[in-house]
Amino acid sequence: MTQALKHYLQFTDLSADEYAYVFQRAALIKKKFKAYEKHHTLADRTLAMIFEKASTRTRVSFEAGMYQLGGSVVHLTTGDSQLGRSEPIEDSAKVISRMTDLVMIRTYGQDKISSFAANSRVPVINGLTNEFHPCQIMADLFTFVEHRGLTVHPLECLKGKVVAWVGDGNNMANTWLQAADMLGFTVHVSTPSGYEVNPAIAGLKNTDCYKVFANPMQACEGADLVTTDVWTSMGYEAENEARKKAFADWCVDSEMMAVAKPNALFMHCLPAHRGEEVSADVIDGPQSVVWDEAENRMHVQKALMEYLLLGRQ
């Protein structure tokens, strides 16, 4: 069956039941990928990728993923399209969505992607905005579930777990709060003063899904997963030196991992700066699953694109 028009602009755009399906589908797609089995469910479909923010993992994972599904890709940046000039985003959306089947946008403000989606005839996916990064959190959760055993009910292993977020209260942190609110786990948030998360952005129904810690060591105590991000996200480069000073005590190191659970995992959405937000012995150590996490962006996004276009298979 064909799926009714549905966008993926933030984590809350899918339900827990839909995530369970997408995770099961991603596991199947990944298994077939590893066995070199074709999975061309999106043959003759075209994905438009629009980048206002540069990317490595987002571009490779979406582009390779769409080709592996049998489809094709159109790659646009603000430098080679009218998006960076004078055309209203609403007009661009009306044109691009008449020529393609799916659109992925990586941009700055959430308002831009919302305006595009409101004028699009095809599904729109958030490849990252200043406010949210849902595809990354979906990949992170899938990676956690994969390492803890993908079952008939793949989200059950998340209930009651503790995720320690150490660092900036950014788009990743906002999306982790949304995921915790929906899926029944808790996020321990530790940020320097002045860089806190704003729960109003996440639009939480249950603010008990997260706890704030001034001391990052305390945030990591008993955690099932410890995760972080760069101290200076794209678009905030002018603050880099000030951020390095403010975040100096928020480097995830072996001492922080030692107070987490013995089998705790470490994740980072990459790119990573060893010696800044994470020590080399942690990101390159036995608890780190960052390379599985990076690869899984492709597999969950393939499952997502298939679901948005075709519904449940």
Side-chain angles (χ1 to χ4, degrees), residues 11 130-134 136-137 139-141 143-144 158 160-204 206-234 236 239-283 285 287-290 293:
F11 194 86
N130 289 346
E131 291 84 359
F132 301 111
H133 199 356
Q136 182 64 57
I137 300 304
D140 293 359
L141 290 169
T143 304
F144 184 89
L158 294 169
K161 295 298 189 292
V162 172
V163 174
W165 175 262
V166 178
D168 191 14
N170 60 10
N171 51 5
M172 286 285 291
N174 294 335
T175 313
W176 270 116
L177 296 191
Q178 290 189 330
D181 189 20
M182 177 186 294
L183 302 179
F185 60 90
T186 303
V187 181
H188 286 184
V189 179
S190 183
T191 69
S193 177
Y195 299 93
E196 297 87 354
V197 292
N198 180 356
I201 293 176
L204 303 180
N206 170 29
T207 54
D208 292 336
C209 69
Y210 78 102
K211 298 177 183 177
V212 176
F213 295 83
N215 185 335
M217 285 287 287
Q218 292 179 337
C220 293
E221 286 181 7
D224 299 277
L225 167 63
V226 179
T227 183
T228 188
D229 193 4
V230 295
W231 290 342
T232 306
S233 296
M234 199 175 297
Y236 298 90
E239 304 175 11
N240 192 41
E241 290 308 311
R243 282 173 172 264
K244 279 186 178 181
K245 292 177 182 177
F247 284 80
D249 293 330
W250 274 262
C251 175
V252 177
D253 56 19
S254 56
E255 292 183 6
M256 289 188 195
M257 294 303 298
V259 299
K261 287 186 178 173
N263 66 341
L265 301 176
F266 171 77
M267 292 189 192
H268 190 306
C269 61
L270 304 176
H273 302 103
R274 289 165 176 80
E276 289 189 16
E277 73 274 4
V278 61
S279 63
D281 60 334
V282 169
I283 194 170
Q287 290 173 280
S288 173
V289 293
V290 297
E293 177 190 6

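Minimum interatomic distance between A264 and A260 (heavy atoms only, all atoms of both residues): CB-CB, 3.7 Å. Pairing each heavy atom of W165 with each of T228, the nearest pair is CH2-C, 3.8 Å. Across H268 and V290, no two heavy atoms sit closer than the pair N-CG1, 3.5 Å. Nearest heavy atoms, C251 versus S279: SG-N, 3.6 Å. Annotation for A164 and A219: closest pair CB-O, 3.5 Å, computed over non-hydrogen atoms. Of all heavy-atom pairs spanning A139 and T143, the tightest one is O-OG1, 2.7 Å.
Note on residues 188-197: pairs passing side chain to side chain donor-acceptor pair (under 3.5 Å), not counting sequence neighbours, are S190-W250. Among pairs with a residue in residues 271-280, those fulfilling salt bridge (charged side-chain N to carboxylate O under 4.0 Å, His left out) read K244-E276, R274-D284, at least two apart in sequence or across chains. Identified under the salt bridge (charged side-chain N to carboxylate O under 4.0 Å, His left out) test for residues 210-219, with sequence neighbours left out: none.
Distance check: I137 CD1 to M267 CE gives 9.5 Å after rounding to the nearest 0.5 Å. Here N240 contributes atom CG and K245 contributes atom NZ; the two are 11.5 Å apart, rounded to the nearest 0.5 Å. Between atom CG of residue D208 and atom CG of residue D181 there is a gap of 9.5 Å, rounded to the nearest 0.5 Å. Of the inter-residue distances, the one linking C269 atom SG with D229 atom CG reads 3.5 Å to the nearest 0.5 angstrom. A distance of 5.5 Å separates CD in E255 from CE in M217, rounded to the nearest 0.5 Å.
Proximity of a side-chain donor or acceptor of T175 to a complementary backbone N or O of H133 within less than 3.5 Å is detected. Under a 3.5 Å cut-off, the side chain of Q178 and the backbone N or O of G203 do not form any donor-acceptor pair. Judged purely by atom type and a 3.5 angstrom limit, E221 has no side-chain atom pairing as donor or acceptor with the backbone of V259. Remark: side-chain polar atoms of N174 are paired, donor with acceptor, to backbone N or O of E131 under 3.5 angstrom.
F132 meets the ring-ring contact (aromatic ring centres under 6.0 Å, His included) test with no other residue; sequence neighbours excluded. Partners of D168 under the salt bridge (charged side-chain N to carboxylate O under 4.0 Å, His left out) rule, at least two apart in sequence or in another chain, are R243. Residues satisfying the salt bridge (charged side-chain N to carboxylate O under 4.0 Å, His left out) criterion with K261, sequence neighbours excluded, are D224.
Side-chain atoms of V289 and L225, non-hydrogen and from C-beta on, never get closer than 4.5 Å to each other. Contact of the H273 side chain with the W231 side chain is not registered, since no non-hydrogen atoms from C-beta on lie closer than 4.5 Å. Counting heavy atoms from C-beta on, the side chains of L204 and Y210 come closer than 4.5 Å.
Of the residues listed (V226, L177, T227, D140), the one engaging V163 in a side-chain contact (heavy atoms from CB on, under 4.5 Å) is T227, and it is the only one.
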Steps toward side chain to side chain contact (heavy atoms under 4.5 Å, CB included) verdict (V282, Q287): CA-CA 7 Å; V282 169; Q287 290 173 280; over 6 Å; no

